[in-house]
Protein chains: 2
Amino acid sequence: MRVPRQVVEARRSRLTELLLERGYLPISELCEELDVSEATARRDLSALESEERITRTYGGALGEFNATFTSFRERLREGTEAKGLIARTAVSLIKPGMSVYLDAGTTAFAIAQELRRHLPERLTLITNNLALLETLGSLPGAKTILLGGQLLERQSVLLGNEAVKAASAQEINIAFLSAQGMTEQGLWNSQRDIISLQKAVIKRAARSCFCLDRSKLGRTAPEHLTSWPKVAPLVSDLSLPELRQSGITLKPGVLLHSQP
Amino acid sequence: MRVPRQVVEARRSRLTELLLERGYLPISELCEELDVSEATARRDLSALESEERITRTYGGALGEFNATFTSFRERLREGTEAKGLIARTAVSLIKPGMSVYLDAGTTAFAIAQELRRHLPERLTLITNNLALLETLGSLPGAKTILLGGQLLERQSVLLGNEAVKAASAQEINIAFLSAQGMTEQGLWNSQRDIISLQKAVIKRAARSCFCLDRSKLGRTAPEHLTSWPKVAPLVSDLSLPELRQSGITLKPGVLLHSQP
DNA sequence: TAGCAAATGATTGACTTCAATCATATAAAG
DNA sequence: CTTTATATGATTGAAGTCAATCATTTGCTA
């Protein structure tokens, strides 16, 4: 029997809520919870899936909870090769007892995963990146500090005055930062908030290490972060000659080239 | 053919890692990824499930990622009735434009869920509770601020100096706090860190609202938080006579009794 | 109010998943 | 080196899942 449109919609949003809460539910439980037949439950699932509000699995469905996190993971998986290499080089700079800052790029995610494999002792890890927490929070023997700040919707990142203030109060031995583009003029990033925070971090960090893979070469972004003379180590899969072709000349020793 | 024990173990931890990364994987992909037959993949899954390192589903498996969050949600589901009522009363105290602090108890989670249903305009939501972020981060028109601090493993909570400092810099109109126990002597909580933060919040908040359901009555905890005269509104499913039976006498108007 | 469109539950057959069983190869134990 | 224990892949039958189809009820709209 036909039922008012609004009832259908209500049931479907209840379904997404349920999945959001429980993560996963098999069809049978969905039927029971929503008090509908299997057929209807399936219809709801395929409707919601086509709206990309849930993910169906064989036998049930997954909520798009931590959708921010997974999208982050997916982005990471694209540049895997280069980012893995960059991460390995970056981690080799970390010594036991250090205080390490990781920022909000996908490279930071790769570094965190690399830390899972080779973890120096007694690290203090500092970040404004919520997507890193699952990884960093479970590293044994490391202390993880999250900067405070305003939550940027859909970004899983904390920014704003609070974040800048919190960063300025940290002791940082080495910071790993990323940018969205690099040109002859230097490094670029998309948002003023991000740049303010990065500048605060650079000021507090004994060493600021920029990690950029080749996809960033030649790109710009709305906001200018820094010019080349101020870039201390650049960790990249690019070589010096490749950089020179794009008009970027670095002093010797500045580039840490990540090779296979 | 039999294979060295260490190979099996390695494959199984690789499997947990995979699930941790991807959240969910169907059997077929597991077989491909691990390069084993379906039978072996299933055996691995049931082994890991009995160790409670993953969760099987029909057709695949889930990683125990955000296990902290889900355990939180499960804890929440226990006291649902009372906490829902308390949350409703609590939310009725929130007016548009307010700056609201939510602390780390499960009651805070219930309040967040209630906010999802009845959301006053232009709220600023402040918390040290990571489990709340998924809920709070998606509330339209509200601004969410996370206090910084050290990540408490398995608790999804931020504490420590940074958190106290960050709290002291906030403007808070109303704070919703919880405690682990209430006796004649006042309110009790388990950790010194938590109490330091709560005291900082109370100092900054125009109004500090304690939310405790009846399960807390008569319980104590290692650390003393506050005595009764300083408890401003107490939101509870307990009634004045019930409290008096346990030796707790409140001035009129202090208790906001949540009834069905 | 009449006619259409839409939502529902039941049923069906194709397909998938699953646990159990078995033969085999080989790691570990003695 | 011999024996034992165990990990593996293949097979099989039972059970579960899925999309398509159909009849029915009922909301919506002209």
Side-chain angles (χ1 to χ4, degrees), chain A residues 1-67 70 74 117, chain B residues 1-67 70 74 117:
Chain A
M1 46 211 127
R2 189 176 181 180
V3 113
R5 186 70 217 173
Q6 104 188 40
V7 170
V8 177
E9 290 305 331
R11 189 185 58 233
R12 290 189 180 164
S13 47
R14 172 119 184 282
L15 200 165
T16 39
E17 287 288 317
L18 269 172
L19 287 174
L20 222 71
E21 275 178 33
R22 316 261 288 256
Y24 168 87
L25 280 175
I27 287 275
S28 59
E29 288 190 34
L30 284 176
C31 298
E32 199 175 332
E33 204 76 52
L34 302 175
D35 199 33
V36 291
S37 74
E38 215 171 82
T40 301
R42 287 185 205 288
R43 275 188 277 255
D44 283 352
L45 288 183
S46 54
L48 290 170
E49 181 175 51
S50 66
E51 296 171 34
E52 299 191 333
R53 294 175 56 184
I54 62 156
T55 306
R56 289 188 74 175
T57 71
Y58 198 97
L62 302 168
E64 289 296 309
F65 66 125
N66 67 2
T70 50
E74 276 156 22
R117 318 207 116 257
Chain B
M1 48 209 123
R2 190 177 181 179
V3 112
R5 188 69 215 173
Q6 103 189 44
V7 170
V8 176
E9 289 305 331
R11 190 185 57 234
R12 291 188 179 166
S13 46
R14 173 121 182 284
L15 200 166
T16 40
E17 285 289 316
L18 269 173
L19 287 175
L20 223 70
E21 275 178 34
R22 314 264 288 257
Y24 168 86
L25 279 175
I27 287 274
S28 59
E29 288 190 34
L30 285 176
C31 296
E32 200 175 329
E33 204 76 51
L34 302 174
D35 199 33
V36 292
S37 74
E38 214 171 84
T40 302
R42 288 183 204 285
R43 275 187 277 255
D44 283 354
L45 288 183
S46 55
L48 289 170
E49 181 175 49
S50 66
E51 295 170 35
E52 298 190 334
R53 294 173 57 185
I54 62 157
T55 307
R56 287 189 76 176
T57 72
Y58 198 98
L62 301 168
E64 290 294 315
F65 65 127
N66 67 3
T70 50
E74 276 156 22
R117 316 207 117 257

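Numbers restart at 1 for each chain; the letters A, B, ... are given by sequence-line order, proteins then strands.
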A.B. asks: By nearest heavy atom, map D35(B) and P26(A) onto DNA chain D; which one lands nearer the 5' end?
C.D. replies: D35(B)
A.B. asks: Using atom CG of L30(B) as one end and atom P of dT8(D) as the other, report the distance to the nearest whole Å.
C.D. replies: 14 Å
A.B. asks: CD of E49(B) versus C1' of dC18(C): gap in Å, rounded?
C.D. replies: 13 Å
A.B. asks: I need the CD-P distance between E29(B) and dT16(C), as an integer number of Å.
C.D. replies: 15 Å
A.B. asks: Given dA28(C), dG9(D), dG16(D), which nucleotide is nearest the side-chain atoms of P4(B)?
C.D. replies: dA28(C)
A.B. asks: Contact class for V7(B) vs. all strands (heavy atom < 4.0 Å): base, sugar-phosphate, or nothing?
C.D. replies: nothing
A.B. asks: Using a cut-off of less than 4.0 Å, is there contact between a side-chain N or O of T40(A) and OP1 or OP2 of dG9(C)?
C.D. replies: yes
A.B. asks: Using every non-hydrogen atom in the two residues, find where L45(B) and A61(B) come nearest and quote the distance to one decimal.
C.D. replies: CD2-CB, 3.8 Å
A.B. asks: What is the distance, rounded to the nearest whole Å, between atom CG of L48(A) and atom C1' of dA7(C)?
C.D. replies: 15 Å
A.B. asks: For L34(A) and dG9(C), what is the distance between atoms CG and P respectively, to the nearest whole Å?
C.D. replies: 11 Å
A.B. asks: Would you state whether a donor and an acceptor, one from the side chain of R2(A) and one from the base of dA5(C), lie under 3.5 Å apart?
C.D. replies: yes
A.B. asks: Which sits closer to the 5' end of DNA chain D, G60(A) or R11(B), going by the nucleotide each is nearest to?
C.D. replies: R11(B)
A.B. asks: Name the residue from R43(B), R11(B), R42(B) that meets the side chain to side chain contact (heavy atoms under 4.5 Å, CB included) definition with V36(B).
C.D. replies: R11(B)
A.B. asks: Between L18(B) and E33(B), is any pair of side-chain heavy atoms under 4.5 Å apart?
C.D. replies: yes
A.B. asks: To the nearest angstrom, how far is R42(B) atom CZ from dA15(D) atom C1'?
C.D. replies: 13 Å
A.B. asks: Heavy-atom nearest nucleotide on DNA chain C for T57(B) versus A39(A): which residue maps closer to 5'?
C.D. replies: A39(A)
A.B. asks: Tell whether R43(A) reaches the base of dG9(C) with its side chain through a donor-acceptor pair below 3.5 angstrom.
C.D. replies: yes
A.B. asks: Taking the nucleotide of DNA chain C with the closest heavy atom to each, which residue, V3(B) or S28(B), is nearer the 5' end?
C.D. replies: S28(B)
A.B. asks: What's the CD-C1' distance between E38(B) and dC18(C), to the nearest Å?
C.D. replies: 9 Å
A.B. asks: Who are the side-chain contact (heavy atoms from CB on, under 4.5 Å) partners of P26(B), not counting sequence neighbours?
C.D. replies: Y24(B), S28(B), E29(B)
A.B. asks: Nearest of dG9(C), dC18(C), dT17(C) to any side-chain atom of I27(B)?
C.D. replies: dC18(C)
A.B. asks: Round to a whole Å and report the spacing from CE of M1(B) to P of dA27(C).
C.D. replies: 10 Å
A.B. asks: Could you give the distance from CD (E9(A)) to CZ (R12(A)), rounded to the nearest 0.5 Å?
C.D. replies: 6.0 Å
